Amino acid sequence: MSWEGRNIISIDEFSKEDFYRVLKNSEKMIDLLDKGTPLNVLQGKLMSSLFFEPSTRTRLSFHAAMKRLGGKIIGFSDPRTSSRKKGETTSDTIKMASAYSDVIVIRHPNPGAAKLAAESAEVPVINGGDGSNQHPTQTLLDLVTIQQERPPSSSDSNIDGCKVAFVGDLKYGRTVHSLCTALKNFDTSFKFIAPEELEMPKKYKEGTDYEETNELELSDADVVYVTRIQKERFPRPSEYERLKGTYVINENVMNELKDDAIVMHPLPRINEIKSTVDSDPRAVYFKQAFYGVPTRMALLAMVTGALEEGELI
Ligand code: NCD
């Protein structure tokens with residue numbers, strides 16, 4: 001199936017073949033970045049970057065990806081500087097961006113906003129996070145990270161055979177919702193570690209091989225995926241205050257981990273991983289953030305059809 005014109009809204013829309021295609025194309029982009037080979041396949045193209053919610057990595061890595069491919073960017077990172085402030089609907093903003101550019105990246109606080117945006121746009125829409133719902137491109141770079149950082153396996157991917165422990169805010173964390181959904185396509189098992197109030201919603205657990213606990217017990221995990229308690233999604237601030245700091249990854253916790261385990265975090269971290277852990281080779285969260293660039297390069301090239309005739313698949 002051609003990827004040209006495709007929206008990236010929800011990870012449920014991806015088949016196993018889609019995941020492999022993204023993994024392969026991202027790997028090629030990693031190679032090109034490593035070698036410093038310029039790839040100007042998006043020269044003359046414009047990306048609209050519409051961020052209705054704060055972002056550092058998602059926004060910067062999409063911008064870096066577009067520019068690395070020779071394209072240019074329009075947009076805003078603070079909706080208060082757009083006509084949003086005058087009461088314009090998201091749908092009208094999207095129609096404009098669609099007329100002005102070749103691809104749209106949107107981050108929005110409302111679950112479902114990216115899907116609505118895609119209905120108003122004539123160009124591909126990429127979801128950069130919609131409330132507590134989904135964050136599909138984060139998941140794709142998370143899969144690239146596991147593929148690159150886990151030991152080579154005899155299976156089709158280095159993701160197969162992994163036991164993945166999700167730690168922290170599994171209720172409001174959109175990154176874990178998307179990643180858990182994607183990993184159902186691989187031979188993986190899960191451990192959900194969260195305080196009772198922040199447990200993984202049932203729909204993500206269904207059909208998976210999982211354990212659930214509120215103990216930070218990680219000795220059997222191959223991948224530890226740590227998340228921030230999502231302060232902005234709590235109906236009551238007191239509830240956040242009570243739950244923040246429930247789990248902290250420090251050197252003692254690292255001592256319990258397998259030698260070839262990897263510790264991931266979509267970032268930003270607040271206090272859930274001590275900075276003293278950063279120098280441990282198993283702490284791969286900054287490499288993970290780097291993989292956002294090649295993964296998003298692959299996605300931008302694929303949905304704009306820039307590489308239809310090129311060497312990427
Ligand atoms: C995440 C997000 O925005 O959902 N950050 C990111 O995109 N790397 C995680 C978070 O904010 O906790």
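Being a predicted model, the structure only gives us computed values, none of them experimental. Both counts, for ligands and for their atoms, begin at 1 and track the order of listing. When reading the values below, keep in mind they use all heavy atoms of this one structure, side chains included, and skip hydrogens, waters and symmetry mates.
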Exercise. Out of R57, E53, H135, whose heavy atom is nearest to atom 7 (O) of ligand 1?
Worked result: H135
Exercise. So, S49 side chain and I104 main chain: donor-acceptor pair closer than 3.5 Å or not?
Worked result: no
For this session: Assess R296 against F62: is NZ or CZ under 6.0 Å from the centre of the six-membered ring, and within 45 degrees of the ring's axis?
Result: yes
For this session: May I ask you to check whether over 12 heavy atoms, not counting those of K274, lie within 6.0 Å of atom NZ?
Result: no
Those atoms of ligand 1 less than 4.0 Å from some heavy atom in [X]:
{"X": "T58", "answer": "6 (C), 7 (O)"}
{"X": "R107", "answer": "2 (C), 3 (O), 7 (O)"}
{"X": "R228", "answer": "10 (C), 11 (O), 12 (O)"}
{"X": "Q138", "answer": "6 (C), 7 (O), 8 (N)"}
{"X": "P268", "answer": "10 (C), 11 (O)"}

Seminar exercise, completed: Applying salt bridge (charged side-chain N to carboxylate O under 4.0 Å, His left out) to R269 and not counting sequence neighbours gives D278
Nearest to [atom], what protein heavy atom do you find, and at what distance?
{"atom": "atom 3 (O) of ligand 1", "result": "R174 NH2, 2.9 Å"}
{"atom": "atom 8 (N) of ligand 1", "result": "P266 O, 2.9 Å"}
{"atom": "atom 6 (C) of ligand 1", "result": "L267 O, 3.5 Å"}

Problem set entry | Among D92, T90, T93, the one residue meeting side-chain hydrogen bond (donor to acceptor under 3.5 Å, both in side chains) with R84 | T90
Seminar exercise, completed: In terms of heavy-atom contacts, D222 and G161 come closest through OD2-O, 3.7 Å
Exercise. Which atom pair, heavy atoms only, marks the closest approach of R107 to G128?
Worked result: NE-O, 2.8 Å
